[in-house]
Amino acid sequence: MQQVLLRINLTDRKHTIETIPQEISRQFLGGTGFITYYLYKEINPGIDPLSEENKIVIASGPLQGTVVPITGRYSIGTKSPLTGLFLDTNVGGFVGPELRFAGYDIIIIEGKAVKPVYISIINDIISIKDASLLWGKTTHQTEDKLRELENEKTMRVISIGPAGENKVKIACVTSDRFRNAGRGGLGAVFGSKNLKAIGIKGSSKPINGNKVELDKIRREIIKRAKTAKEHKHLLYQHGTSWLVDLANQYSQFPTKNFQSGVFDKHDKINHKALEKYKRKRRPCYKCVISCSEVIDASSFNWTDEEFIAKPEYETLGLIGGNCAIDDPETIIKANYRCNEYGLDTISTGSIIAMIMEGVEKGRIKEKEYQDIRFGNKEKLMELIDNIAYRKGIGDILAEGLVDAAKNFNTEDLAVHTKKLPYAAWDPRGKLGLGLSYATAAVGASHLRGWPSTSDIPDKSALSVIDSLIEQQDLKTLKDSLIICHFTHSIIPALNIDDCHKMVEAAFDEKFEREEIINIAKRVWILKRMFNIREFKPRKAKEFDNLPPRFWEPMPEGRAKGMKAFISEEDFNKSLLTLYEKRGLDEFGEPLLSTISKLNPEEI
């Protein structure tokens with residue numbers, strides 16, 4: 001399989017096309033694998049993430065644009081301006097397949113434009129164009145205007161809003177109006193390069209793979225999705241909003257800056273509460289689950305759009321429960337504003353919740369902030385505007401959770417790992433989940449593999465480490481092939497053996513099972529090696545930690561009295577056990593034997 005890299009330099013306004021070496025394709029596949037390889041290889045440690053030395057890597061996988069469903073996604077990565085560490089994120093919609101229709105598997109963007117520009121990719125015609133008519137516009141306006149400028153009604157657009165232009169460190173990159181590369185401040189990196197948007201239009205279908213085997217996989221996934229639908233899996237009926245009730249039941253729903261995992265008004269913002277709005281399915285490319293929905297906006301007096309995005313679970317958790325907002329329309333509006341501005345709703349909700357707690361506990365005493373309290377809908381919306389445009393307190397919050405906490409001396413209230421705010425799943429409600437958060441290269445992401453258990457952490461987590469590693473490897477393979485994580489919601493769920501079949505079908509080559517497992521381990525280790533270069537002289541183990549909040553007992557619900565681990569001793573034993581099984585030393589750094597076994601000679 002021959003995979004193609006498009007390299008675009010914004011400084012000299014030139015581009016080159018490169019062929020990815022076959023051995024790199026086999027060792028990293030695509031998606032997060034390619035992002036990890038090229039970021040490690042090409043970014044020097046210690047660079048400022050907002051300097052022109054940083055790079056943006058946009059990658060598809062070997063299945064995008066083929067007949068295999070649940071692959072309508074792309075990956076994008078950089079060195080994070082929020083964490084200063086490795087960052088990759090995964091986005092649904094239509095961009096990933098379109099990238100391959102245009103003839104490319106990966107784009108690397110480097111340098112910095114003198115003034116705002118956008119990139120137009122129409123098959124083999126690559127142009128860097130003036131973006132003065134786009135700068136200052138929201139993501140929605142940018143998407144519409146760019147298509148008009150390019151005279152391409154179906155062009156797929158990746159863009160930033162005002163938050164990215166203002167280099168807000170929780171700014172995201174948006175495509176298809178509400179598909180966001182949300183975590184870690186990718187939008188700020190676009191803004192630092194004066195890159196407003198990328199438009200992609202292709203007209204050729206990918207020709208890779210064994211057509212017979214790919215079609216077998218297609219039919220198998222459709223069959224398994226149909227089985228899940230027949231079992232009335234709620235994801236197929238309500239999208240991710242059904243998870244509000246589940247998380248609340250399991251004491252994992254973020255409430256008042258994670259002071260609790262139980263929101264007593266969760267039923268006002270759950271899937272049933274959202275049923276009063278007229279909804280329409282808006283699936284990703286060739287998706288058989290179709291979890292994504294939009295809401296008829298005709299009843300809202302704050303937008304002229306016909307349909308707007310229905311909030312996903314993470315937004316319902318972090319903008320809703322975490323800020324004690326129990327009004328669904330407020331959450332819908334906040335979600336809409338964040339999509340327009342290009343703001344990560346998870347980080348936005350986390351930062352605002354920390355300020356609310358600080359004010360309510362008398363830790364933040366300034367008079368002008370005293371109305372910023374849990375449940376204050378008006379202040380929530382005001383703060384979203386202020387963060388995007390760096391106005392007033394928003395300029396402080398735009399630097400991210402940790403820097404804002406330092407400013408207000410509320411560092412103990414900042415719920416993060418490696419400076420990335422927590423996703424909407426409290427680890428005090430699930431045995432071993434804290435270890436997934438603690439060891440994820442990007443920080444506190446919920447998409448890096450969970451231990452296979454529904455137990456609460458009332459015993460040692462040592463018993464679930466093998467399942468955690470297996471799930472971390474599965475997630476890494478999915479993100480390299482770029483398969484939707486909701487394939488855990490087909491029956492039976494997608495597993496590593498399925499990924500093995502997909503790799504062989506996509507490449508039309510034989511891969512040993514051990515080779516497939518080693519791809520996942522290689523990518524996981526190399527992400528860690530990227531971070532280790534940034535940690536120096538400190539050791540990696542210092543950064544694999546949990547915030548103070550999760551050492552406080554859960555005050556109520558199913559997991560009442562639970563901490564993330566039964567003790568700090570058990571956390572340390574579990575961490576060291578994972579290190580040993582991963583081929584790391586006691587400081588969390590790879591042994592030479594691990595590196596030589598898994599990684600290419602040049603690395």
Side-chain angles (χ1 to χ4, degrees), residues 49 79-89 168-172 182-186 188 252-261 314-315 317-319 321-323 343-358 361 363-364 383 387 396-430 433-448 527-528 531 534-535 538 540-552 554 563-565 568 571 575 588:
K79 180 178 178 180
S80 168
L82 180 67
T83 68
L85 302 175
F86 175 87
L87 176 66
D88 68 332
T89 186
V168 173
K169 291 183 180 178
I170 58 170
C172 58
R183 314 304 311 279
L186 260 161
Q252 291 190 275
F253 193 64
T255 303
K256 294 188 174 182
N257 198 31
F258 285 96
Q259 292 180 77
S260 177
E314 294 295 323
T315 304
L318 274 305
I319 295 288
N322 212 38
C323 296
L343 278 175
D344 170 26
T345 57
I346 294 177
S347 297
T348 300
S350 295
I351 293 169
I352 292 173
M354 180 197 69
I355 299 299
M356 288 174 167
E357 183 181 0
K361 289 187 171 178
R363 303 276 298 279
I364 299 174
L383 287 172
I387 292 170
I396 299 170
L397 306 187
E399 290 299 300
L401 179 66
V402 171
D403 285 354
K406 288 178 181 176
N407 182 84
F408 291 107
N409 196 26
T410 55
E411 292 170 86
D412 57 315
L413 306 183
V415 185
H416 74 96
T417 287
K418 300 181 179 75
K419 295 188 176 182
L420 190 74
Y422 268 68
W425 296 95
D426 193 313
R428 291 173 294 182
K430 188 179 184 72
L433 178 57
L435 198 60
S436 174
Y437 283 128
T439 57
V442 299
S445 170
H446 61 300
L447 297 173
R448 308 293 156 153
K527 289 178 182 181
R528 194 167 186 87
N531 285 350
E534 303 297 334
F535 293 151
R538 297 171 66 184
K541 188 174 185 292
E542 295 179 53
F543 297 84
D544 290 343
N545 55 33
L546 297 174
R549 177 113 301 161
F550 298 136
W551 293 111
E552 299 171 7
M554 175 66 66
K563 301 176 182 180
F565 290 80
E568 292 194 36
F571 171 66
L575 191 59

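Owing to the predicted nature of the structure, the values given are computational and were not obtained by experimental measurement. Starting from 1, each residue takes its place in the sequence as its number.
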Exercise for the section: Using atom types as modelled and distance alone, determine if a side-chain donor or acceptor of Thr255 lies under 3.5 Å from a backbone N or O of Phe253. Expected result: yes
Handout entry: Backbone of Asn545 reached by a side-chain donor or acceptor of Thr417 within 3.5 Å
Key = yes
Please enumerate all residues that pass side chain to side chain donor-acceptor pair (under 3.5 Å) together with [X], with sequence neighbours excluded.
X      : value
Asp544 : Lys418, Arg528, Tyr579
Gln252 : none
Asn322 : none
Glu314 : Trp425, His446

Completion exercise
salt bridge (Lys or Arg N to Asp or Glu O under 4.0 Å) filter on Glu568, not counting sequence neighbours, yields none
Atom of [X], atom of [Y] and distance for their closest heavy-atom approach:
X      : Y      : answer
Pro81  : Gly184 : CD-O, 3.3 Å
Gly317 : Pro254 : O-CG, 3.5 Å
Pro49  : Gly84  : CG-CA, 4.5 Å
Ala540 : Gly588 : CB-O, 3.8 Å

Indicate every side-chain donor-acceptor pair of residues 406-413 with a distance under 3.5 Å to a residue at least two apart or in another chain.
from: Asp412; atom 1: OD1; to: Arg363; atom 2: NH2; distance (Å): 2.7
from: Asp412; atom 1: OD2; to: Arg363; atom 2: NH1; distance (Å): 3.3

Rounded distance (nearest 0.5 Å) linking atom [atom1] of [X] with atom [atom2] of [Y]:
X      : Y      : atom1 : atom2 : result
Ile387 : Ile352 : CD1   : CD1   : 4.5 Å
Met554 : Phe258 : CE    : CZ    : 9.5 Å
Ile346 : Ile351 : CD1   : CD1   : 12.0 Å

Would you please name every residue forming a side-chain contact (heavy atoms from CB on, under 4.5 Å) with [X], sequence neighbours left out?
X      : result
Ala438 : Leu546, Phe571
Asn531 : Leu85, Phe86, Ala441, Phe535
Thr345 : Thr315, Ile319, Asn335, Cys338
Leu82  : Ser80, Lys169, Ile170, Leu420, Pro421

Practice task
Provide the full list of side-chain hydrogen bond (donor to acceptor under 3.5 Å, both in side chains) pairs with a residue in residues 347-357, sequence neighbours left out, each pair given once.
Solution key: Asn257-Glu357, Asp344-Ser347, Glu357-Lys361, Glu357-Arg549
Handout entry: With Tyr422 via ring-ring contact (aromatic ring centres under 6.0 Å, His included) - residues at least two apart
Key = Tyr437, Phe550
Handout entry: Arg183 and Val442: CA distance, side-chain angles, deciding distance, side chain to side chain contact (heavy atoms under 4.5 Å, CB included) verdict
Key = CA-CA 9 Å; Arg183 314 304 311 279; Val442 299; over 6 Å; no
